[in-house]
Amino acid sequence: MHLKLHVLLGLYLTVAAQSDRPKPVKRGTTHSSTPPEPEPIEVVELPLPPVTSNETTGGCTLSVNPHGTGCIGANSSNLLSGTFLPDGDHVTASLEFTGAPATPDPASIYTGLNLIIVRANGTLFPNGDAWKCITCGVPQDQQYGLTSTMDYQYPQAFNDGTRVLAGNYIIDCGMAQLASPECTPDKVHIYPIRWNTSPDGSGAGGDIRELRKHPDDVHISFNAMSLSGATTAQYAYFARLEFNPAPTTGTPLTPRYDLVNVTGLYESKGAALISANGSALTINTKAISVGEARGFGGVGDQVQYVGFPAESCNIDIFGVDLQSGEVVRVTNGPEYVDPIDTSPDGRWVVIMDTTDTDRLMFFAGMRGVPPLIDALTTAAISSIRNNGKRRFFEPWIYDLDVAPYSDDKGYYEGQQVNADDDDSSGSVSDSFWNGGADPRWSPDGTKIAYFELLTQEPDCGGSNPLPCPVSNAPGGRNARLMMATLTSREPLARVVVDPVSDTVPWGEPYVPGSGAPTAPSVPFGNYTLTGQVSGHADVTLTANSAGTALETVDATYHNYSDDGLNFIAGNEKVTALYPNVTLIHVDWISNLSSSGISNSTKITGPGGFHFDVDVQLNKFYANGSLTTTVDGVVYRQPENGC
Ligand SMILES: *[C@@H]1O[C@H](CO)[C@@H](O)[C@H](O)[C@H]1NC(C)=O
Ligand SMILES: *[C@@H]1O[C@H](CO)[C@@H](O)[C@H](O)[C@H]1NC(C)=O
Ligand SMILES: *[C@@H]1O[C@H](CO)[C@@H](O)[C@H](O)[C@H]1NC(C)=O
Ligand SMILES: *[C@@H]1O[C@H](CO)[C@@H](O)[C@H](O)[C@H]1NC(C)=O
Ligand SMILES: *[C@@H]1O[C@H](CO)[C@@H](O)[C@H](O)[C@H]1NC(C)=O
Ligand SMILES: *[C@@H]1O[C@H](CO)[C@@H](O)[C@H](O)[C@H]1NC(C)=O
Ligand SMILES: *[C@@H]1O[C@H](CO)[C@@H](O)[C@H](O)[C@H]1NC(C)=O
Ligand SMILES: *[C@@H]1O[C@H](CO)[C@@H](O)[C@H](O)[C@H]1NC(C)=O
Ligand SMILES: *[C@@H]1O[C@H](CO)[C@@H](O)[C@H](O)[C@H]1NC(C)=O
Ligand SMILES: *[C@@H]1O[C@H](CO)[C@@H](O)[C@H](O)[C@H]1NC(C)=O
Ligand SMILES: *[C@@H]1O[C@H](CO)[C@@H](O)[C@H](O)[C@H]1NC(C)=O
């Protein structure tokens, strides 16, 4: 394996030298285009293993799957899709096989959570299946350090076609292409990825999550939770993957990938988001505020993240240049956005976004309000994007060359990938089929793979509660793998990204054993925030009784404008309390109005608006109301428990 990496590097450089390599273009800083006309998009469902209704041992009989290559359960598939393989003909996915017969039946290997690849061009593997399991039947001694809590989330294929990053593992097939008949279970190795967090290299290493592979195949971004303090915090990191065939410290003491050259993606020396100078308050929209790293943008020059809002209550993706530290706002729509993937040429993104349902417009429909209360509300608002397991986001494509606002077209919101006139039950646009993370571009930029889960009780909403829809997918399964084809696009030339630097000059080199960074504290007191175009806001930032953390933001706007489009007047006062480490209680009084490109109001009812949300449960419960009206269109909060 160690040898192989050198071989690969040689192969890789040859490919790089031969390929037709587009020049990286910085996107998101200049906007040249008017919004494109909606383009034709065809969405199909990709095949999955058959469903067995009998999930006990042997329930996956040859009458359910005549090839003896496994079954899934209708409600237990745990499907997660990933990326295309470099050939563009296959999509990676992880899922749970069930009902396998006992050993020594050859079909006994099709059991439990596994990595599969699915044919995406309508053809079949030589055995007649549309999918191939990569990890089924891998010898025990080639599965290193697997734990019972393992998963193969977000399976991301490397550019060499032989390896996949899945969960916290790298799965490879030696020199064999995963899709080729040469890739058989005896050639597959499953290696854990370890982040050393102890000074002497001992122990199991730190808990890492949400790993995203850099297009250079040698770096990743990841996130780590920190439960210190009153609330949950998360920090993002950038690191190099280094294969360690024979580790001498730390567990597991098996061949593994170590994360080296780890950099914290936070900037303790840099400008704070909100800072005070005398009585003047400043919001620095160019401050680096990586909430959760979501992968890489541009052509690998940018790390993308869910960041502190640029406009109040509006959750967006931002990008920061790995070298220069320059921050750009990648998405602009008022609704919630989180998973994102950038097209190979760096021009387009596909995002999962709640625009289709207007779910968060009652918070975010009024544009151009500066993000003051957001120091308290961002986690709570983000948590209302879902109702329990029901997700409201759908895949949208968004052209990074288009200006976020134009006088004749208004705000640019991109194009929904699975919009369709036919939104009947089970259709591609049936909104009871909820988008999952992450949608992914094909290497030639003409296709997008994503997956969906059917809403299950008790998350259907309504007061009774409403009945959930019955699945009409094959076998009544509640998961489906989808592929959209952008039929009018020409395939892009293959883009190969050279390895980027291990060093992120603005970040903090991570030292094993060091604690989580301390977040810069927001100043308390009375301030004036001056609008960049007009007006000002009188702002009072009040600490909790212990004087340790911000608890209340009170802002009164006087014809305030940062964008010259929206002029804000009125008062808003918000208090956030944290009954426990995941629960947030928010008290809100608002009487805002906006003029300019639209006439909007954002008003709480008598007694204000009070809500609870647990960031892990995503259930919304409120007393009172908050209503936003934009040019006569009224946006209300969801019903409780919905
Ligand atoms: C499920 O499959 C097993 C093994 O074939 C069989 O013994 C059992 O009777 C089946 N259960 C049902 C309810 O069909
Ligand atoms: C899947 O789960 C739902 C909700 O629990 C249930 O109503 C449905 O019958 C299940 N479907 C199957 C095929 O077991
Ligand atoms: C489909 O994909 C397979 C595997 O990459 C390839 O051999 C075949 O030529 C493709 N067929 C079509 C019609 O694209
Ligand atoms: C990266 O890590 C390797 C292995 O730990 C080390 O030899 C190298 O000096 C590091 N590079 C930088 C830029 O820190
Ligand atoms: C603070 O404000 C004063 C007066 O406007 C100005 O002279 C000084 O440069 C400011 N300091 C910083 C760090 O911006
Ligand atoms: C802030 O202003 C309020 C109301 O004008 C006043 O009651 C309070 O004392 C002021 N707080 C500080 C720290 O100056
Ligand atoms: C708000 O500011 C703008 C720009 O300075 C100005 O044109 C407008 O008249 C002001 N509106 C009010 C109500 O003061
Ligand atoms: C926080 O409180 C909520 C509501 O009582 C409860 O559901 C949740 O489990 C609690 N979380 C923790 C981490 O204690
Ligand atoms: C909201 O603000 C408007 C304009 O200042 C004012 O007329 C109205 O009385 C306020 N409403 C409440 C409930 O305070
Ligand atoms: C906002 O309301 C004012 C006063 O009624 C009206 O003149 C203006 O046209 C409205 N603006 C928009 C964008 O509808
Ligand atoms: C809503 O009001 C009820 C009754 O006063 C109270 O028990 C509950 O905690 C309140 N919920 C929120 C989110 O404020």
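Every number for a ligand or one of its atoms is a count from 1 in the order of the listing. As the structure is a prediction and not an experimental result, all values here were calculated from the model.
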Provide, line by line, the atom pairs where ligand 4 and the protein bring an N/O atom each to a distance under 3.5 Å; else say none.
from	atom 1	to	atom 2	distance (Å)
ligand 4	2 (O)	N261	OD1	3.0
ligand 4	2 (O)	N261	ND2	2.4
ligand 4	11 (N)	N261	ND2	2.8
ligand 4	14 (O)	N261	ND2	3.1

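Residue D614 touches ligand 8 through its side chain alone, judged by heavy-atom distances below 4.0 Å.
Ring centroids of Y266 and W506 are separated by 6.0 Å or more, keeping the two rings apart. Note: Y560 and H558 fail the aromatic proximity criterion, with ring centroids not under 6.0 Å apart.
Counting the atoms of ligand 7 from 1 in the order shown, those under 4.0 Å from a heavy atom of N559 are 1 (C), 2 (O), 3 (C), 8 (C), 10 (C), 11 (N), 12 (C), 14 (O). Atoms of ligand 8 lying under 4.0 Å from at least one heavy atom of T582, given by number and element, are 11 (N), 12 (C), 13 (C). Interface atoms of ligand 7 facing S534, defined by a heavy-atom separation under 4.0 Å, are 2 (O), 4 (C), 5 (O). The ligand atoms of ligand 8 that sit less than 4.0 angstrom from a heavy atom of N580 are 1 (C), 2 (O), 3 (C), 8 (C), 10 (C), 11 (N), 12 (C), 14 (O).
Residues forming a salt bridge (Lys or Arg N to Asp or Glu O under 4.0 Å) with K619 (at least two apart in sequence, or on another chain): D459. A search for side chain to side chain contact (heavy atoms under 4.5 Å, CB included) contacts involving Q156 returns T83, Y154, L165, R212, K213, R440, not counting sequence neighbours. Here E551 pairs with nothing under the salt bridge (Lys or Arg N to Asp or Glu O under 4.0 Å) rule; sequence neighbours left out.
In this structure, R636 places its CZ atom where only 12 or fewer heavy-atom neighbours from other residues, nucleotides or ligands lie under 6.0 Å away.
A cation-pi arrangement is absent between R256 and Y144, since the terminal nitrogen or guanidinium carbon is not both under 6.0 Å from the aromatic centre and inside a 45° cone about the axis.
Under a 4.0 Å N-O distance rule, the pair D207/R209 does not qualify as a salt bridge.
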